[in-house]
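We count ligands from 1, going down the list as the structure has it; atoms in each ligand are counted the same way.
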Amino acid sequence: MLYNRDILSINDLTVEDIENIFRLTDFLKTEEGKAHKPLLGKSVALYFEKPSTRTRVSFEVGVFQLGGQAIYLDNKSLQISRGETLADTARVLSRYVNCIVARTLKDETVRELAKYADIPVINALTNREHPCQALGDIYTIKEKLGSYRGIKFSYIGDGNNVANSLLLITSKLGINFSIASPVGYEIKDDVKDTAIKYAKESGAVVEFHNNPELAVKDADIIYTDVWVSMGDEAEEEKRNRDFQNFRVDSRLLKLAKPTVKVMHCLPAIRGKEITDEVMDGPNSIIFDQAENRLHVQKAILSLILG
Ligand code: CP
Ligand code: NVA
């Protein structure tokens, strides 16, 4: 049961929770599901400290479609910008709205919000995780391939927030995960250790490489993300140099299964981590993946608030 719970990390979800989210998403995508309004009379605050296109719009539209009201709150226009504490902000929002969806620079901030709020808090991206993205992504794989257990998922690039959530969800669900990151940009040991524990339980194989060609061998999915995440802008030049050999292009795709599907959480910097040819090519499922953020988040909100 997800009712009234926070989702701050993939670690907060059991396999059963994830399967329930996917089952409800299937229903919400049907004609009958489109009439489902479990958020009638409910309000959801979107507290954002960083830019967003997909997450903001898909949550705002999702809440509307479920019958509720979304209120976008940019931290710069709240009293928090003039010294009000995050704890007091969380306490006050809890008196007005039914849920907080938060995109924060630091993971500790979303945890602090959850600590002081009396209402559920959903992580909409921090420097450490992006759980809603990972849920939408695995749902998309299930939709495209029919199932996900036992497939090979290859991630090329930075061991960042998106990579962390993907490693945790794949190892939990029995999906084989293989990542290639440049030296110095690998997934951190604490996340790796948790994933290795999940993989022991699920039977997933997890592999960590520094060579993209090794990581994509016979892959069912190739996934990539930007070389420079929000907050890493000061390192842009160095990162652009260090990630030169971590571009998803048609040459790399040839090493995977012929049926390989290409995914990207977006926004993409075309010509850097992914070529136009791959992004717009026949293997790309990137825009269906973006659409599914809406449907999966509607399922999450329905289960937490419904
Ligand atoms: N993928 C994703 O979260 O995109 P936005 O930053 O546009 O929300
Ligand atoms: N890793 C990227 C994901 C954007 C959705 C970032 O944090 O900027």
Side-chain angles (χ1 to χ4, degrees), residues 7-10 44-63 70 72-75 100-110 122-141 155-170 179-182 184-188 191 221-236 238-240 242-243 246-248 262-270 272-274 279 284-298 300-301:
I7 302 183
L8 306 183
S9 162
I10 291 295
V44 175
L46 270 58
Y47 171 79
F48 277 45
E49 296 179 350
K50 300 191 207 185
S52 170
T53 299
R54 280 142 291 272
T55 309
R56 175 181 177 178
V57 178
S58 56
F59 265 110
E60 287 203 31
V61 170
V63 170
Y72 180 75
L73 303 169
D74 164 355
N75 64 322
I100 302 172
V101 172
R103 169 168 288 197
T104 61
L105 289 163
K106 293 196 206 132
D107 200 64
E108 298 78 56
T109 309
V110 87
I122 300 174
N123 177 350
L125 183 147
T126 67
N127 60 332
R128 186 178 171 89
E129 271 206 60
H130 198 359
C132 297
Q133 180 71 51
L135 287 161
D137 296 342
I138 304 302
Y139 178 83
T140 305
I141 294 173
Y155 182 101
I156 303 302
D158 195 11
N160 62 16
N161 44 10
V162 171
N164 286 341
S165 289
L166 286 169
L167 170 61
L168 293 170
I169 199 168
T170 51
I179 183 169
S181 309
Y185 298 95
E186 295 96 342
I187 288 185
K188 301 282 174 293
V191 181
I221 301 289
I222 296 180
Y223 195 114
T224 191
D225 184 14
V226 287
W227 294 344
V228 184
S229 283
M230 291 179 277
D232 293 335
E233 290 80 3
E235 299 172 12
E236 184 168 349
K238 177 169 164 43
R239 282 176 170 261
N240 283 340
D242 294 345
F243 282 84
F246 290 74
R247 178 172 296 119
V248 174
V262 177
M263 303 181 76
H264 191 310
C265 57
L266 302 179
I269 306 297
R270 288 169 175 259
K272 295 280 190 212
E273 76 276 4
I274 190 164
M279 191 144 164
S284 168
I285 55 170
I286 291 171
F287 294 100
D288 291 337
Q289 174 190 0
E291 179 187 327
N292 278 330
R293 292 289 304 281
L294 168 68
H295 306 297
V296 166
Q297 287 162 192
K298 282 174 69 181
I300 295 169
L301 290 166

Could you work out, with ring pair (Phe, Tyr, Trp, His ring centres under 6.0 Å) as the rule, every residue matching Tyr155, not counting sequence neighbours? Tyr223

Interatomic spacing from CZ in Arg128 to OG1 in Thr104 - rounded to 0.5 Å: 12.5 Å

Who passes salt bridge (charged side-chain N to carboxylate O under 4.0 Å, His left out) against Glu235, sequence neighbours left out?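 Salt bridge (charged side-chain N to carboxylate O under 4.0 Å, His left out) check on Glu235 returns Arg239.
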
Are any of the side-chain heavy atoms of Leu301 and Phe59 separated by less than 4.5 Å?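 Yes - at least one pair of side-chain heavy atoms lies under 4.5 Å apart.
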
Do the side chains of Val63 and Val101 get nearer than 4.5 Å, heavy atoms only?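 No, their side chains stay 4.5 Å or more apart.
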
If you measure only the distance, is there a donor-acceptor pair under 3.5 Å linking the side chains of Glu273 and Thr224? no

Does a donor on one side chain and an acceptor on the other come within less than 3.5 Å for Ser9 and Glu129? yes

Who's touching ligand 2 if we go heavy atoms under 4.0 Å?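 If the criterion is a heavy atom under 4.0 Å, then ligand 2 touches Leu125, Asn160, Asn161, Val162, Asp225, Val226, Ser229, Met230, Leu266.
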
Under 3.5 Å, is there a donor-acceptor pair between the side chain of Arg103 and the main chain of Ala124?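 Flag set: sc Arg103 to bb Ala124 pair under 3.5 Å.
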
Check each of Ser229, Ser181, Cys265 against Asn160 using the side-chain contact (heavy atoms from CB on, under 4.5 Å) test, and report the only one that passes.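 Running side-chain contact (heavy atoms from CB on, under 4.5 Å) over Ser229, Ser181, Cys265 with Asn160 returns exactly one hit, Ser229.
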
How would you list, by chain and number, the residues with a heavy atom under 4.0 angstrom from ligand 1?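 If the criterion is a heavy atom under 4.0 Å, then ligand 1 touches Ser52, Thr53, Arg54, Thr55, Arg103, His130, Gln133, Cys265, Leu266, Arg293.
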
